[in-house]
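Take a look at the structure below.
Chain letters run A, B, ... following the sequence lines, proteins first and then strands; every chain starts at 1. The structure presented is a predicted model; accordingly, all values stated were derived computationally and were not measured.
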Protein chains: 4
Amino acid sequence: MTADGISIGVNHASPVPPYEQLRAQLADLIAVGRLGQGARLPSVRQLASDLGLANNTVVRAYRELEAAGLVESRRGSGTQVIAPSATTGIEVKLAEHTSAYAAARQLNATNDEALAAIRYALAHLDRP
Amino acid sequence: MTADGISIGVNHASPVPPYEQLRAQLADLIAVGRLGQGARLPSVRQLASDLGLANNTVVRAYRELEAAGLVESRRGSGTQVIAPSATTGIEVKLAEHTSAYAAARQLNATNDEALAAIRYALAHLDRP
Amino acid sequence: MTADGISIGVNHASPVPPYEQLRAQLADLIAVGRLGQGARLPSVRQLASDLGLANNTVVRAYRELEAAGLVESRRGSGTQVIAPSATTGIEVKLAEHTSAYAAARQLNATNDEALAAIRYALAHLDRP
Amino acid sequence: MTADGISIGVNHASPVPPYEQLRAQLADLIAVGRLGQGARLPSVRQLASDLGLANNTVVRAYRELEAAGLVESRRGSGTQVIAPSATTGIEVKLAEHTSAYAAARQLNATNDEALAAIRYALAHLDRP
DNA sequence: GTGGTCTAGACCACT
DNA sequence: GTGGTCTAGACCACC
């Protein structure tokens with residue numbers, strides 16, 4: 001849990017490298033609007049020490065976000081979100097991912113199967 | 001597209017290492033029943049040459065699947081699927097993933113948003 | 001565009017640090033005669049605010065120009081150009097740079113290629 | 001001078017960071033055809049030790065070239081040039097640069113001045 | 001052997 | 001304080 005109430009985690013056991021885990025989580029927070037235009041990301045040093053990473057690992061993640069046009073870094077003034085023209089809603093983000101996942105895994109879900117899936121997911125999400 | 005009609009792909013540009021891409025795809029095919037009990041995986045050499053990978057990369061993926069108890073390799077008979085105690089259906093797999101994704105990304109979707117998501121996904125899946 | 005009709009720009013995305021971008025542009029303007037002997041550079045505060053830079057960044061650029069003997073700063077009278085012993089013409093400046101570039105890049109241009117180059121450049125310069 | 005007869009140098013005193021000096025030189029060698037399609041760049045370790053740099057510095061340069069689509073790196077098989085659709089000739093490269101330089105520096109050269117420039121440059125190039 | 005990532009700590013540029 | 005770069009050396013994935 002970082003200062004701003006956004007929590008980010010890194011799984012060192014995962015085959016996905018830490019910088020990419022970071023990048024993906026931040027990209028999603030931005031895409032979904034949790035980090036909107038002008039929002040400041042935690043400082044490199046802050047996030048690195050929070051997560052027990054080397055500074056450069058965070059720098060790498062921020063650099064990739066910048067290359068993707070999601071964020072802008074300036075020496076001395078930190079890293080800020082550049083809002084995407086049309087903010088992507090949670091549903092759209094979830095849907096894009098679900099769809100991509102199904103395709104990538106060749107799950108060939110029928111409509112009924114997919115709906116069953118989402119109902120199942122909803123039923124098992126721990127939520128207050 | 002490998003011999004058995006199952007197609008597997010490896011993206012060299014991805015930060016996820018090839019052996020893990022392989023492992024994940026095979027694990028899903030098994031979890032979902034596309035590769036059922038007793039099904040034979042392609043031979044190491046076959047799959048490696050199909051994908052332009054070194055044999056060892058495929059060996060690594062198979063080894064991890066074996067360690068997870070999903071397949072069994074025996075000299076002479078290749079690598080075969082050991083059906084999981086309860087075969088996981090497509091919906092369950094999709095749902096688990098969707099749910100895990102939402103949690104990992106802190107998307108905090110409401111039920112309505114999640115349903116909207118799945119409808120969106122369905123509408124955008126190219127299907128015959 | 002600064003006060004004197006000379007325009008200077010800083011690209012924050014460039015790997016070249018801002019103070020050096022400033023220094024190089026000013027040095028060229030001087031070398032080429034656009035800023036002649038006795039010409040006054042914009043005040044540090046002026047230039048800094050025009051470009052959205054911190055004062056110290058401009059100070060740094062001016063300091064390097066002074067160390068190179070191109071300008072002189074005096075309290076009260078700002079920063080003035082000290083004309084180089086022999087004023088360098090545009091052609092000479094361009095030529096020096098072109099030549100240095102070719103050498104640095106090992107382009108090994110023949111005379112014909114270089115002439116073709118300059119003709120091409122001329123044809124593509126937007127000029128009134 | 002590296003193995004392949006291409007020589008690359010890094011100036012540690014320059015304000016331009018080493019990885020960028022590297023990137024620019026390699027990009028030019030490719031743009032100009034000195035490193036054509038399929039040509040293999042020196043290995044990261046090779047180049048790093050030739051130039052007295054840390055491996056990561058070379059890695060960074062190669063990564064940027066890859067992001068620009070000039071080059072492709074594969075673990076185990078090195079880094080190869082992906083030829084640009086239309087190979088850029090030496091003259092074009094030189095001209096583009098000269099033109100860009102003139103514009104960036106506001107040299108406002110006339111055609112005559114530019115021609116004088118190139119003649120001057122040619123006269124002062126040390127060439128066998 | 002190849003490239004890819006990470007660390008720990010340094011120094012620089014910038015606000 | 002901020003981000004940006006470099007080093008030295010480690011370990012991993014891949015051919």
Take atom [atom1] of [X] and atom [atom2] of [N], then tell me their distance rounded to the nearest Å.
X: Arg74(A); N: dG4(F); atom1: CZ; atom2: P; result: 11 Å
X: Tyr62(D); N: dT2(E); atom1: OH; atom2: P; result: 11 Å
X: Asn55(A); N: dT5(E); atom1: CG; atom2: C1'; result: 15 Å
X: Glu20(D); N: dG4(F); atom1: CD; atom2: C1'; result: 13 Å
X: Leu41(D); N: dG3(E); atom1: CG; atom2: P; result: 9 Å
X: Leu51(A); N: dT7(E); atom1: CG; atom2: C1'; result: 15 Å
X: Gln46(D); N: dG1(E); atom1: CD; atom2: P; result: 11 Å
X: Glu64(D); N: dC6(F); atom1: CD; atom2: C1'; result: 15 Å

Exercise for the section: Write down the partner of dG1(F) under the Watson-Crick or G-U wobble criteria, each distance required to be under 3.5 Å. Expected result: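 Looking at the geometry, dG1(F) pairs with dC14(E).
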Handout entry: Side-chain touch Gln80(B)/Ser73(B), heavy atoms, less than 4.5 angstrom
Key = no
Practice task
Could you check if a side-chain atom of Ile82(C) sits within less than 4.5 angstrom of a side-chain atom of Val71(C), using non-hydrogen atoms only?
Solution key: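 No, their side chains stay 4.5 Å or more apart.
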Practice task
Search all heavy atoms of Gly9(D) against all heavy atoms of Leu51(D) and return the closest pair with its distance.
Solution key: CA-CD2, 4.5 Å
N or O in side chain of [X] less than 4.0 angstrom from [N] OP1/OP2:
X: Ser77(D); N: dT2(E); result: no
X: Arg60(D); N: dC6(F); result: no
X: Arg75(D); N: dG1(E); result: no
X: Thr57(B); N: dC15(F); result: yes

Practice task
Would you mind telling me which residue lines up with the more 5' stretch of DNA chain E, Arg63(D) or Val16(C), judged by nearest nucleotide?
Solution key: Arg63(D)
Practice task
Starting from the 5' end of DNA chain E, give me the residue, Pro18(A) or Pro18(C), whose nearest nucleotide shows up first.
Solution key: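 It is Pro18(A) whose nearest nucleotide is closer to the 5' end.
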Problem - Residue met sooner reading DNA chain F from 5', once Tyr19(D) and Asn56(B) are mapped to nucleotides - result: Tyr19(D)
Exercise for the section: Between Ser73(A) and Pro17(B), just flag the one whose closest nucleotide in DNA chain F comes earlier from the 5' side. Expected result: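 That would be Ser73(A).
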Practice task
Using the side chain to side chain contact (heavy atoms under 4.5 Å, CB included) rule, take Leu22(B) and Leu53(B) through it: C-alpha gap first, then chi angles, then the decisive distance, then the call.
Solution key: CA-CA 11 Å; Leu22(B) 253 185; Leu53(B) 298 172; 4.1 Å; yes
Problem - Short N-O contact, Glu20(A) and Arg23(A), less than 4.0 angstrom - result: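 Salt bridge present between Glu20(A) and Arg23(A).
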Exercise for the section: Check whether the side chain of Arg45(D) and the base of dG1(E) form a donor-acceptor pair under 3.5 Å. Expected result: no
Practice task
Tell me what Pro15(A) touches on the nucleic acid: a base, only sugar-phosphate, or nothing, going by heavy atoms under 4.0 Å.
Solution key: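 Pro15(A): no heavy atom of the nucleic acid under 4.0 Å.
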